[in-house]
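A quick write-up on the structure given underneath.
Letters go in sequence order (proteins before strands), and every chain restarts at 1.
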Amino acid sequence: MNNPALSEQEQIRRNSLQKLRELGIDPYPAAQYHVNITASEIINNFNDEKNNFQDVCLAGRMMSRRIMGKASFAELQDHTGRIQIYVNRDELCPGEDKTMYNDVFKKHLDIGDIIGVKGFVFRTQMGEISIHVKEMTVLNKSLHPLPIVKEKDGKTYDAFTDPEQRYRMRYVDLIVNPQVKDVFVKRTKIINTMREMFNGYGYFEVETPILQPIPGGAAARPFITHHNSLDIPLYLRIANELYLKRLIVGGFEGVYEFSKDFRNEGMDRTHNPEFTVMEIYVAYKDYKWMMSFTEEICERVALALHGTTKVKLGNNIIDYKTPYPRVTMYEAIKEHTGYDISGKTEDELREISDKLGIETDPTMGKGKLIDEIFGEKCEHHYIQPTFITDYPIEMSPLTKKHRDNPELTERFELMVNGKELANAYSELNDPIDQRERFQEQLRLSEKGDNEAMFIDQDFLRALEYGMPPTSGMGMGIDRLTMFMTDSPSIQDVLFFPQMKPEVKKPKVELNEDEKLILELLKANSPIDLNELKNLTGLSNKKWDKAIKGLTGLKLAKVEKKDEGLVVSIE
RNA sequence: CGGCCUGUAGCUCAGUUGGCAGAGCAGCUGACUCUUAAUCAGCGGGUCCAGGGUUCGAAUCCCUGCAGGCCGACCA
């Protein structure tokens, strides 16, 4: 039953599994286990006077165990938290047969196993609320040892911290690092809060295609795939915008979607190839209305999560209390660079960029230059929630022209902690203008801008049927979650962040050197060690590696005898 | 893509000028009927990321590769 691929501890657990079976205990029972309480319900509501919870049944994973002869303590962790259990030999086994305690509990169960207990709640002499166990059921035998994280006086010992292992084995991370679960609970709460708010407004949650023939709605490099029976390329969506606007054309007044989008670009602390975005489109509204709506989302989410609008983020406290300042992009650039860029030509903007020490290249148009100046010199200043409004027309091909200035568009981005959190427009609904803007994108593309948008003819046709004045907004849910949970990395708010493939360790196999030695050994066993070494003609290092490999696999044996070191086949 | 750092027991980490591979927790054996990082006694556990080189001898020095982290570049 020995398997050399298993560690000692894994082997011991498999042996325990076998022992349980021999005792007639199914380590993986099929029957439902009827739980009537959770750990947190007991911890929060146990009352010494009332002496309540006298008949509880709880299941969970054993996270620690302290055995003291005939009595033991252990901690069970369920989905709500941890509670201590007290296991007394003669209570668990009232008769003569003490197997359940002496063998099953003490010997064949391990930290990480899932068990169910029945008993009553009491408070120990040390003051800890605990379950006095009368009956115990094995629900799952764990074969892989869990990292043991211990805590005392708020200090954590032996924490499971290696980021790679945490992300690759999130299940382990979730088991041993309870604060991780909290982030994901908050993530879901964020989405639920938003969904409730939108539904309260009467807006309609929809689903639109992930596989798209033309990836539109944003400037980004897409993933490409292929549909076999249609024999056409399809792209994974980079945004939902164009489909949601088609639905506004179709007559919905407000539509929203929480969607996975995909961008075939770099991965880092803030970017994952697949990420979650909420996009919402509301008819008969403009971007000013959308600013108020966006503020309301942020404030509601902060309150739902923290009970306050003030949220810690790194070294800052972000206050999501409405209203947020509204600053035009030109004002922002003027404030942080001293340059007034209104009415400037492309050449003048390039000159300003040079003076500001910003690198430019000839493919950059006016919009891109302004974007670059803002990104380099302004963006990071906006720590508290701030709306940056009125973006240049060149960088906003889906946005309606500004009602007061045709060089600008009715667009805002919500900046928090120096980063973009949301992006919104008064949506462009003039089909002729839209076609010209797409064609401008095409020109940029020919000039070398590989982010410029494709032309979606069907979307243009939809606009020609007529879309009411509409405001739309997109918000990065991963980023919002990072902000709201004080997580420095996107990997901390995704259950399964994208990782490089795990490399399988090569199987234990004889290499050429080892095979050579074995052949020689078969012909001359036993043989003097130095003689064998000379026969192989291997370097010292290679010899050493190979012979150690063989002895490690118990294929050869080195013995010290009177005449010197002797090698033989084992 | 570039710079810096890391890779040693199931987990967290030491490892001196190159000289038998270490600790705590976890595990195993035993003691212990209210402990809580339980305690006490004893024991086992390693492809030192991989490959190559220098050397009598490498976890340690050199080269190459792999994986990861941080920072930057590119990129929303």
- Message: Return the CE to CG distance between Met62(A) and Asp110(A), rounded to the nearest 0.5 Å.
- Response: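 Going from the CE atom of Met62(A) to the CG atom of Asp110(A) covers 6.5 Å.
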
Assign [X] to base, sugar-phosphate, or nothing according to its heavy-atom contacts below 4.0 angstrom with the strands shown.
{"X": "Arg13(A)", "result": "nothing"}
{"X": "Phe122(A)", "result": "base"}
{"X": "Gln165(A)", "result": "sugar-phosphate"}

Apply salt bridge (charged side-chain N to carboxylate O under 4.0 Å, His left out) to [X] and list each qualifying residue two or more places apart in sequence or on a separate chain.
{"X": "Glu394(A)", "value": "none"}
{"X": "Arg89(A)", "value": "none"}
{"X": "Lys150(A)", "value": "none"}
{"X": "Arg411(A)", "value": "Glu413(A)"}

Test of understanding: with ring pair (Phe, Tyr, Trp, His ring centres under 6.0 Å), list the residues that count as partners of [X], not counting sequence neighbours.
{"X": "Tyr382(A)", "result": "His336(A)"}
{"X": "Tyr391(A)", "result": "none"}
{"X": "Phe412(A)", "result": "Phe387(A)"}
{"X": "Tyr101(A)", "result": "Phe105(A)"}

- Message: More than 12 heavy atoms of other residues, nucleotides or ligands under 6.0 Å from NZ of Lys98(A): yes or no?
- Response: yes

- Item | Selection from rU33(B), rA37(B), rG27(B) that lies nearest to any side-chain heavy atom of Lys70(A) |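 Of the options given, the side chain of Lys70(A) lies nearest rU33(B).
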
- Query: For rG72(B), which nucleotide is its Watson-Crick or G-U wobble mate, given both distances must be under 3.5 Å?
  - Reply: rC1(B)

- Name the pairing partner of rA23(B), where a pair is Watson-Crick or G-U wobble with both distances under 3.5 Å, or state none. rU12(B)

Selection: [range], any non-hydrogen atom under 4.0 Å of RNA chain B:
{"range": "residues 84-91 of chain A", "result": "Gln84(A), Tyr86(A), Asn88(A), Asp90(A)"}
{"range": "residues 123-134 of chain A", "result": "Thr124(A), Gln125(A), Met126(A), Glu128(A)"}
{"range": "residues 374-383 of chain A", "result": "Glu379(A)"}

- Message: What I want to check is whether an N or O donor and acceptor connect the side chain of Glu8(A) with the base of rA9(B) at under 3.5 Å.
- Response: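 There is none.
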
- Message: On RNA chain B, does the nearest nucleotide to His144(A) precede the nearest nucleotide to Ser16(A) from the 5' side, or the other way round? Give the residue.
- Response: His144(A)

Please list each protein N or O that sits under 3.5 Å from an N or O in nucleotides 29-31 of chain B, with the distance.
none

